[in-house]
Amino acid sequence: NKLIPKGLEHPDVIVRGAAINALIFFAQYLVPNIIDYHHLIVPSMVGFMNDSIEKIGEHALIALDMLFDNMEEDQIRKYLPDIVPIMVKIWQTPTASSIMKKTALTTIASLISASEEKFEPFIEQAYNVSLESLKLPDNSEGIFLKSEGITILGRLAFHFTKDEYHNKK
């Protein structure tokens, strides 16, 4: 119960990284139990996203994405005003790694699906980020990031358009 928090506070980068990696696996395999700790995990991972060791930041962001993907609308809504701008900032940071940028996009997509109507105030930010991704060059990194931007557009369309398909559900 205290192993992960101690690992996250450890001065050795290898130990901190291992604790974050454990959270990634917990977010993947210990659902729904791990979700009960979102109030501890989310602020901690946000703090690690600016770690001087790039891999620590990348893994913290991956852990957040996986956690958000499994959270309920009511649990996630309180994080939206803080997390969406952080994801947009990561996307817009020229020095951010492609893993950070990709995971920022996938996190936005996870937030759209998990929070549904609660995401409405952030539609424009998500839409603009996805459009920016479509302007990337057609190299392997650009195409990969474009696909994540398209995923955001698809989720926005699914959750925020009303047509006959949605009314039949």
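Since the structure is predicted, the reported quantities are computational estimates derived from the model, not experimental observations.
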Could you give the distance from [atom1] ([X]) to [atom2] ([Y]), rounded to the nearest 0.5 Å?
| X | Y | atom1 | atom2 | answer |
| --- | --- | --- | --- | --- |
| Ile24 | Leu67 | CD1 | CG | 11.5 Å |
| Phe144 | Ser133 | CZ | OG | 12.0 Å |
| Ile112 | Leu156 | CD1 | CG | 4.0 Å |
| Ile20 | Asp51 | CD1 | CG | 7.0 Å |
| Phe119 | Phe160 | CZ | CZ | 7.0 Å |
| Leu131 | Leu134 | CG | CG | 6.0 Å |

- prompt: Hey, mind stepping through Leu8 and Leu23 against side-chain contact (heavy atoms from CB on, under 4.5 Å) and telling me if it holds?
  reply: CA-CA 10 Å; Leu8 293 173; Leu23 284 174; 4.1 Å; yes
query: Will you find, in the side chains of Thr106 and Asp65, an N or O donor that is under 3.5 Å from an N or O acceptor?
result: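 Asp65 and Thr106 do have a side-chain donor-acceptor pair below 3.5 Å.
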message: Pairing donors with acceptors under 3.5 angstrom, does anything connect the side chains of Arg155 and Ser113?
response: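 Yes, side-chain donor-acceptor contact under 3.5 Å.
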Beyond-backbone contact of [X] with [Y], side-chain heavy atoms, under 4.5 angstrom:
| X | Y | result |
| --- | --- | --- |
| Asp82 | Val46 | no |
| Thr151 | Leu105 | no |
| Glu54 | Ser97 | yes |

- prompt: In terms of heavy-atom contacts, does CD of Glu120 have more than 12 from other residues, nucleotides or ligands at under 6.0 Å?
  reply: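 Not more than 12 within 6.0 Å, no.
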Gln92 atom CD, over 12 foreign heavy atoms within 6.0 Å: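 Atom CD in Gln92 is packed in, count exceeds 12.
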Short question: side chain of [X], backbone of [Y] - any donor-acceptor pair under 3.5 Å?
| X | Y | answer |
| --- | --- | --- |
| Arg16 | Glu9 | no |
| Gln125 | Phe122 | no |
| Ser44 | Leu40 | no |

- request: State which residue, out of Met66, Met49, Lys101, Met45, fulfils the side chain to side chain contact (heavy atoms under 4.5 Å, CB included) condition with Leu61.
  value: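 Single side chain to side chain contact (heavy atoms under 4.5 Å, CB included) partner of Leu61 among Met66, Met49, Lys101, Met45: Met49.
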According to a hydrophobic-cluster definition based on side-chain heavy atoms being under 4.5 Å apart (Ile, Leu, Val, Met, Phe, Trp, Tyr only), do [X] and [Y] belong together?
| X | Y | result |
| --- | --- | --- |
| Leu80 | Ile35 | yes |
| Val31 | Met71 | yes |
| Ile34 | Ile62 | no |
| Phe25 | Ile56 | no |
| Met87 | Leu136 | yes |

query: Of all residues at least two apart in sequence or in a different chain, which pass the salt bridge (Lys or Arg N to Asp or Glu O under 4.0 Å) check with Lys55?
result: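 Checked Lys55 against salt bridge (Lys or Arg N to Asp or Glu O under 4.0 Å); matches are Glu58.
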task: Could you list the residues that satisfy salt bridge (Lys or Arg N to Asp or Glu O under 4.0 Å) with Asp138, not counting sequence neighbours?
output: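 Once residues adjacent in sequence are excluded, the partners of Asp138 under the salt bridge (Lys or Arg N to Asp or Glu O under 4.0 Å) criterion are Lys146.
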[X] and [Y]: which non-hydrogen atoms are nearest, and at how many Å?
| X | Y | result |
| --- | --- | --- |
| Ala63 | Ala27 | O-CB, 4.3 Å |
| Ala104 | Ile90 | CB-CG2, 3.9 Å |
| Ala114 | Phe68 | CB-O, 3.4 Å |
| Lys89 | Thr93 | O-OG1, 2.6 Å |
| Gly7 | Ala19 | C-CB, 3.7 Å |
| Gly149 | Ser130 | O-CB, 3.2 Å |

- request: Could you walk me through whether His38 and Tyr79 pass ring-ring contact (aromatic ring centres under 6.0 Å, His included), step by step?
  value: CA-CA 10 Å; His38 68 85; Tyr79 298 114; 5.7 Å; yes
